[in-house]
Trainee: 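Mind having a look at this structure? Questions to follow.
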Amino acid sequence: MSNKLQKKKFELATKKLEQWQDREEWFFNREHTEVYEDYYEGRYKRAEVWQKKVLAKLIQKDERIETLLEYGCGTTRFTRWWQEIGIEATGADISPFMLGEGNKHFDGDLVWADSHHMPFKNNTFDALAFIATFAYYDDPIKVIREAVRVGKYGMIFGIMNRNSTKVMRRRVQEVFGANPYYETANFYTPNKLINTIHEALEGRLYEIEWTATGLPKWFPVQRWGLPIGDFFGLHVKLTDVE
């Protein structure tokens, strides 16, 4: 199929994709998705390094995890990294524009699908990952239940801390129309996310561990078990499966 025809088919398929969950989202806008990688390569680079350190330490404690599905994979920034640390990764996203960018960087499998209705059989993967995406879900309880249906051994989250100075600063920016990225986001503190998990997984047996990072460069530590910092990683290890 020619590139011209492929582009035409893609434009027809995405012509009406301006909203998700009955609201406009920045990740349905090429103006933002086409420069998303630049964000990580610029001022956010140091934060990404520490986020990956936290996530790696959490997930590698469960030696059962060999395969992983990352939902909200975006441009596959972290999907590629799971591969680098020895986990076979697949990416999924609701935004075809994000996946289009991700396809330029990742040679693994990518799926265009909604996290509320995961098109996979039970226990298809060892784990599910939600990095910088869980705050955008309209029904987080349903997403978590889908995640443990598809991911046999549990889930890992990487998410902005609702009480961080960065979130507060960007909320102020929104008032002046300067930052569209958080307008529809519902961020969590560690306790709020844990309570959401408890509600979703009632009757299941599991362990939860989390670590915060995103602390100022001058701070004496860069990761700890206090709910202070711009970002926290949280791992749910299911213990009622073999």
Side-chain angles (χ1 to χ4, degrees), residues 26 39-40 43-62 65 68 70-74 77-78 81-82 85 115 127-145 147-148 151 153-175 179 181-202 204-239:
W26 65 268
Y39 178 66
Y40 276 102
R43 58 186 298 182
Y44 201 63
K45 188 68 176 178
R46 176 180 170 274
E48 180 191 29
V49 169
W50 280 102
Q51 290 173 11
K52 288 178 175 178
K53 287 181 179 181
V54 163
L55 294 170
K57 187 174 181 180
L58 288 171
I59 201 165
Q60 289 176 336
K61 289 184 178 181
D62 191 344
I65 297 176
L68 176 147
E70 182 183 349
Y71 246 99
C73 68
R77 188 77 186 188
F78 282 82
W81 172 72
W82 298 119
I85 64 171
S115 55
L128 265 287
F130 302 99
I131 310 303
T133 184
F134 195 76
Y136 294 94
Y137 295 143
D138 185 54
D139 190 343
I141 300 296
K142 186 173 185 179
V143 172
I144 290 172
R145 289 173 178 166
V148 296
Y153 299 126
M155 307 166 286
I156 188 164
F157 300 82
I159 191 169
M160 293 292 295
N161 181 5
R162 185 179 65 181
N163 292 339
S164 73
T165 56
K166 183 177 291 186
V167 170
M168 294 177 185
R169 182 174 68 250
R170 292 188 180 182
R171 291 300 191 198
V172 172
Q173 292 173 342
E174 287 172 17
V175 175
N179 192 322
Y181 299 104
Y182 290 1
E183 289 180 2
T184 58
N186 178 29
F187 290 110
Y188 293 76
T189 61
N191 280 342
K192 181 182 177 184
L193 181 55
I194 289 170
N195 289 335
T196 303
I197 292 166
H198 286 336
E199 182 180 351
L201 300 187
E202 184 177 0
R204 297 294 305 267
L205 299 177
Y206 53 92
E207 299 171 356
I208 292 178
E209 183 178 359
W210 64 269
T211 304
T213 186
L215 297 150
K217 188 175 182 179
W218 49 263
F219 206 73
V221 297
Q222 287 301 309
R223 49 187 173 185
W224 60 359
L226 296 175
I228 300 171
D230 292 333
F231 179 95
F232 67 93
L234 185 148
H235 180 227
V236 180
K237 179 180 179 181
L238 297 176
T239 58

Trainee: Looking at residues at least two apart in the chain, or sitting in another chain, which of them share a side-chain contact (heavy atoms from CB on, under 4.5 Å) with Arg145?
Mentor: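 Only Ile141, Ala200 meet the side-chain contact (heavy atoms from CB on, under 4.5 Å) criterion with Arg145.
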
Trainee: Taking all non-hydrogen atoms of both residues into account, name the closest pair between Leu58 and Leu234 and its distance.
Mentor: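 Result for this residue pair: CD1-N, 3.8 Å.
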
Trainee: In this structure, is the centre-to-centre distance between the rings of Trp224 and Phe232 below 6.0 Å?
Mentor: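 No: the rings miss the under 6.0 Å criterion.
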
Trainee: Among Leu201, Leu128, Ile156, whose side-chain contact (heavy atoms from CB on, under 4.5 Å) with Val236 holds?
Mentor: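 Checked Leu201, Leu128, Ile156 against Val236; only one passes side-chain contact (heavy atoms from CB on, under 4.5 Å): Leu201.
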
Trainee: With Glu209 as reference, evaluate Lys61, Lys237, His235 under the side-chain hydrogen bond (donor to acceptor under 3.5 Å, both in side chains) test and give the passing residue.
Mentor: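 The single option meeting the side-chain hydrogen bond (donor to acceptor under 3.5 Å, both in side chains) with Glu209 is Lys61.
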
Trainee: Taking all heavy atoms of Asn161 and all of Pro227, pick out the closest pair and write down the distance.
Mentor: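 Answer, listing the atom of Asn161 first, then Pro227: ND2-O, 3.1 Å.
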
Trainee: Could you measure the distance from the CG atom of Leu68 to the CE atom of Met155? Nearest 0.5 Å is fine.
Mentor: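 Between atom CG of Leu68 and atom CE of Met155 there are 12.0 Å.
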
Trainee: Which pair of non-hydrogen atoms, one from Gly158 and one from Phe231, has the smallest distance, and what is that distance?
Mentor: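 Distance-wise, the nearest heavy atoms are CA-CZ, 3.4 Å.
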
Trainee: Hey, could you give me the CH2/CD1 distance between Trp81 and Ile131, rounded to the nearest 0.5 Å?
Mentor: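 Between atom CH2 of Trp81 and atom CD1 of Ile131 there are 7.5 Å.
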
Trainee: Measuring from atom OG1 of Thr213 to atom NZ of Lys57, what distance do you get when rounded to the nearest 0.5 angstrom?
Mentor: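 Rounded to the nearest 0.5 Å, the OG1-NZ separation comes out at 11.5 Å.
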
Trainee: Look at the rings of Phe134 and Tyr188 and say which category their plane angle falls in: under 30° parallel, 30 to 60° tilted, over 60° perpendicular.
Mentor: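 Phe134 vs Tyr188 ring planes: tilted.
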
Trainee: State, with a plain yes or no, whether a side-chain heavy atom of Ile59 is found less than 4.5 Å away from one of Ile65.
Mentor: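 Yes. Closest side-chain heavy atoms under 4.5 Å.
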
Trainee: Report yes or no: does Asn163 contribute a side-chain atom to a donor-acceptor pair with the main-chain N or O of Thr189 at less than 3.5 Å?
Mentor: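 Side chain of Asn163 to backbone of Thr189, a donor-acceptor pair under 3.5 Å: no, none is there.
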
Trainee: So, do Trp50 and Leu215 sit near enough that their side-chain heavy atoms are less than 4.5 Å apart?
Mentor: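 Trp50 does not reach Leu215 side chain to side chain.
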
Trainee: Give the intermediate values and the outcome of side-chain contact (heavy atoms from CB on, under 4.5 Å) for residues Ile197 and Ile208.
Mentor: CA-CA 9 Å; Ile197 292 166; Ile208 292 178; 4.0 Å; yes

Trainee: Assess the residue pair Trp210 and Ile194 against the criterion (side-chain contact (heavy atoms from CB on, under 4.5 Å)); give the C-alpha distance rounded to whole Å, side-chain angles, the decisive distance to 0.1 Å, and a yes or no.
Mentor: CA-CA 10 Å; Trp210 64 269; Ile194 289 170; 3.9 Å; yes

Trainee: So do the side chains of Phe219 and Val221 get within less than 4.5 Å of each other, counting heavy atoms only?
Mentor: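 Answer yes - side chains close enough.
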
Trainee: Can you name the closest pair of heavy atoms from Ala129 and Trp82 and give their distance?
Mentor: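 Reported closest heavy-atom pair: CB-CZ2, 3.8 Å.
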
Trainee: Show your reasoning for whether side-chain contact (heavy atoms from CB on, under 4.5 Å) applies to Thr133 and Tyr71.
Mentor: CA-CA 8 Å; Thr133 184; Tyr71 246 99; 5.5 Å; no

Trainee: Closest heavy-atom contact between Tyr137 and Ser115?
Mentor: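 Heavy-atom minimum between the residues: CE2-OG, 3.0 Å.
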
Trainee: Check for a donor-acceptor pair, side chain of Gln222 on one end and backbone N or O of Pro216 on the other, with a separation under 3.5 Å.
Mentor: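 Checking the backbone N and O of Pro216 against the side chain of Gln222, a donor-acceptor pair under 3.5 Å is found.
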
Trainee: So do Arg46 and Lys217 actually touch side chain to side chain, heavy atoms under 4.5 Å?
Mentor: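 The answer is yes, as the side chains (C-beta and beyond) meet within the 4.5 Å cut-off.
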
Trainee: Specify whether Phe187 and Tyr136 have parallel, tilted or perpendicular ring planes, treating 30° as the upper limit for parallel and 60° as the lower limit for perpendicular.
Mentor: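 Answer is perpendicular, since the angle exceeds 60°.
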
Trainee: How many angstroms lie between CD in Glu48 and CG in Leu55, if you round to the nearest 0.5 Å?
Mentor: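 Spacing of CD (Glu48) from CG (Leu55) equals 10.5 Å.
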
Trainee: Does NZ or CZ of Lys52 fall inside the cone over Phe78's six-membered ring, less than 6.0 Å from its centre and within 45° of the axis?
Mentor: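 That pair qualifies as a cation-pi contact.
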
